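As a basis for the values below, the full set of heavy atoms in this structure was taken, side chains included, without hydrogen atoms, waters or symmetry mates. Just so you know, residue 1 is the first one in the sequence shown, and it goes up from there. Since we're looking at a predicted model, the values are computed, not measured.
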Amino acid sequence: MGEVMSVVAVRRDSHAATSGVRFRDGASSRKTSKVKLNWRGRVAVVLLAVVSAWTLWSVAVPESAHSQTGPTQVVSYTVQPGDTLWSYAVEITPAGQDVSQSVDRLMKLNNLDTVSLRPGQRLIVPVE
């Protein structure tokens, strides 16, 4: 008896070229094309590049902190009845600056937990 052989024929016609069919030899009917960006895509790519460069720069070149070094000149005061930490802070705060920051500084310098003062207590006040 005879053997029946089947033959598969691949036909590349105009319909296959537009449908994106892959042929058995691995070739594709689609043509490869370059990606084209519209103006929004270009802006997004440029912004991404700028942000990436900024991030790399800030990691690679950290800024050093600038702070005063050296001793701070201070004056010692004895608290009198009616004196407040705020009144001492007003005396040392430069014009136009926040007095509450001076109060915080005085509290740190004198290791105070509260703003309450007692007569006879000694305070260290920086000379400004």
Any non-hydrogen side-chain atom of Val115 less than 4.5 Å from a side-chain atom of Trp86?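 No, too far: nothing below the 4.5 Å cut-off.
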With side chains defined as the heavy atoms from C-beta onward, is the minimum distance between Pro126 and Gln73 less than 4.5 Å?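 Counting from C-beta outward, Pro126 and Gln73 never come under 4.5 Å.
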Which heavy atom of Leu85 sits nearest a heavy atom of Met107, and at what distance?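 Heavy atoms of Leu85 and Met107 come nearest at CD2-CG, 3.5 Å.
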Shared hydrophobic cluster for Leu112 and Val99 (ILVMFWY, side-chain gaps under 4.5 Å):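 Leu112 clusters together with Val99.
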Assigning hydrophobic clusters by single linkage (Ile, Leu, Val, Met, Phe, Trp, Tyr; side-chain heavy-atom cutoff under 4.5 Å), is Val90 placed with Val79?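 Yes.
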Just jot down the side chain to side chain contact (heavy atoms under 4.5 Å, CB included) partners of Ser87, sequence neighbours excluded, or say none.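 Counting only residues at least two positions away or on another chain, Ser87 forms a side chain to side chain contact (heavy atoms under 4.5 Å, CB included) with Thr84.
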Restricting to side chain to side chain contact (heavy atoms under 4.5 Å, CB included), what partner residues turn up for Val75, sequence neighbours left out?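 In terms of side chain to side chain contact (heavy atoms under 4.5 Å, CB included), with neighbours along the sequence ignored, Val75 is linked to Tyr77, Val127.
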Pairwise side chain to side chain donor-acceptor pair (under 3.5 Å) hits with a residue in residues 114-123, at least two apart: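 Only Ser76-Arg122, Thr78-Arg122 qualify under side chain to side chain donor-acceptor pair (under 3.5 Å).
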First locate atom CG of Leu106, then atom CD of Gln101, and finally report the distance between them rounded to the nearest 0.5 Å.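 One finds 12.0 Å between CG of Leu106 and CD of Gln101.
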Rounded to the nearest 0.5 Å, what separation is found between the OH atom of Tyr88 and the OG atom of Ser102?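 The OG atom of Ser102 is 15.0 Å from OH of Tyr88, to the nearest 0.5 Å.
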Is there a donor-acceptor pair closer than 3.5 Å between any side-chain N or O of Asn110 and the backbone N or O of Leu123?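 No; zero donor-acceptor contacts below 3.5 Å.
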Test side-chain hydrogen bond (donor to acceptor under 3.5 Å, both in side chains) applied to Asp104 - qualifying residues, sequence neighbours left out: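 Scan of Asp104 (side-chain hydrogen bond (donor to acceptor under 3.5 Å, both in side chains), adjacent residues dropped) gives none.
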Tabulate below the donor-acceptor pairs under 3.5 Å that side-chain atoms of residues 45-61 make, not counting sequence neighbours, or state none.
residue, atom, partner, partner atom, Å
Ser52, OG, Leu48, O, 2.8
Thr55, OG1, Val51, O, 2.9
Ser58, OG, Trp54, O, 3.3
Ser58, OG, Thr55, O, 2.9

Report, one line per pair, each donor and acceptor closer than 3.5 Å where one atom sits in a side chain of residues 37-44; sequence neighbours left out.
residue, atom, partner, partner atom, Å
Asn38, OD1, Arg40, N, 3.3
Asn38, OD1, Gly41, N, 2.9
Arg42, NH2, Leu37, O, 3.0

Give the C-alpha distance, both sets of side-chain angles, the deciding distance and a yes or no for side-chain contact (heavy atoms from CB on, under 4.5 Å) between Asp98 and Thr93. CA-CA 7 Å; Asp98 190 8; Thr93 303; over 6 Å; no
